[in-house]
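Only heavy atoms go into these numbers, but all of them, side chains included; no hydrogens, no water, no symmetry mates. Chain naming here is simple, since letters A, B, ... match the order of the sequence lines and numbering starts at 1 in each.
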Amino acid sequence: MAPEQVISALRRRFPELPWEPRPLLERPGAVPDQWWIGLAPQRLVEVMTFLRDDPQTRFEQLSDLTCVDYLRFPGATDRYGVIYSLLSLTWGHRLWVKCFVNDPQPEVPSVVGIWPGADWMEREVYDMFGIRFAGHPDLRRILTWEGFAAHPLRKDYPLRGRGEREDYEVVTRQSA
Amino acid sequence: MPTETAADRHLTAPHAMSREDVLTTRLDALVDFFRRHGVNWCRKHSLWPLPFATACCGIELMATASSRYDLARFGSEVMRFSPRQADLLIVAGRVAIKMMPVLQRIYRQMCEPKWVISMGACASTGGVFDTYAVVQGIDQFLPVDVYVPGCPPRPETLIEGVLAIQRLVDRDGIRTSAQRGRGYRLTVEPVVPLTVSAAPAPGGGGGPD
């Protein structure tokens, strides 16, 4: 099952959506074999359920869920891209799905109902990028603590932080 | 009472021990010995470290305690993972922002007298990890007595740091503990020359490792 057949299966099932598969990497002289498709947040759960269940696609595994901040990225039109890496254990093919969202309320639907393994990955994206996942059962920060004010992997967050690493009590010989 | 007994000479001159390495003495000679050398002489030869190892410095710390470098020669082989039982805190590795309160609590739980070694570039300055998530030197928030430089330090350098702590204990002990404030902040020097020979390793291999 080649990736092109996955795209054609999507075109048959969702003819109303614009399908524009693009290669992940373009190298001169090489035939691309890894493709990504863009998807609007409104139809995400519907299409993802189809990709998992259809016998021609069978993406049983969500191997990764991450995010990219495209702030000041050349040619980018949207701020955030939530990226889903899908793997079919039956057919051995892969597909990447990108879902673009923007400020001030970046939100995508949660896919925990489709792949339970998305739970902590969505919490990490929420922690690091501040993207809310509607319908997530337990959307809390996972790496930083609850009182942490920022989302550190956003491009407008300074690399050295906003004083979090200097914000401690000074323990001396007299006080300890 | 004579000013110096034969047993007393044995204590100060180990080569005068008997052939079987058996030491015999009298109790009053021992008391006299401690009166002159102080309890710090005993204390400095039995520092019990707490290995707070969070990164590759911890590997060198383990090597220091293992047979090749043998920290037991200096009486510090008893690694204690409970702060209640340790008197030397060795912070080996980078300290993340979530780890700093843990480290401070561990320091507070240690009983006096206690000393702190900041081992390696990350614990001392943050090292290459100049990011929001890494504390840029534990000495900002914790008393540090001895810095051990290196990335990571070789075991010889860490042993030099332990010996520096021993000299501090011998000189001051716990008498000035309350006056130490934010620590002595001494820096030891690497004891191994930084130049390495270009001779190839036995069995092929490349240049210096």
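Between A:Gln105 atom CD and A:Ile131 atom CD1 the span is 12.0 Å, to the nearest 0.5 Å. To the nearest 0.5 Å, atom CD1 of residue B:Ile106 and atom CZ of residue B:Phe52 are 5.0 Å apart.
Residues B:Asp170 and B:Lys44 are paired through a salt bridge, judged by an N-O separation under 4.0 Å between the basic side chain and the carboxylate. Ion pairing between a basic and an acidic side chain is recognised when a charged N comes within 4.0 Å of a carboxylate O; A:Arg162 and A:Asp167 show no such pairing.
At a heavy-atom cut-off of under 4.5 Å, chain A is reached by B:Asp130, B:Thr131, B:Tyr132, B:Val134, B:Val135 from residues 123-135 of chain B, listed in order of number.
Ring geometry for A:Phe14 versus A:Phe50: interplanar angle over 60°, hence perpendicular rather than tilted (30 to 60°). In this structure, B:Phe141 and A:Tyr168 have perpendicular ring planes: the angle between them is above 60°, well past the 30° mark.
The most heavy-atom pairs under 4.5 Å with chain B, out of A:Glu164, A:Glu166, A:Glu169, come from A:Glu169.
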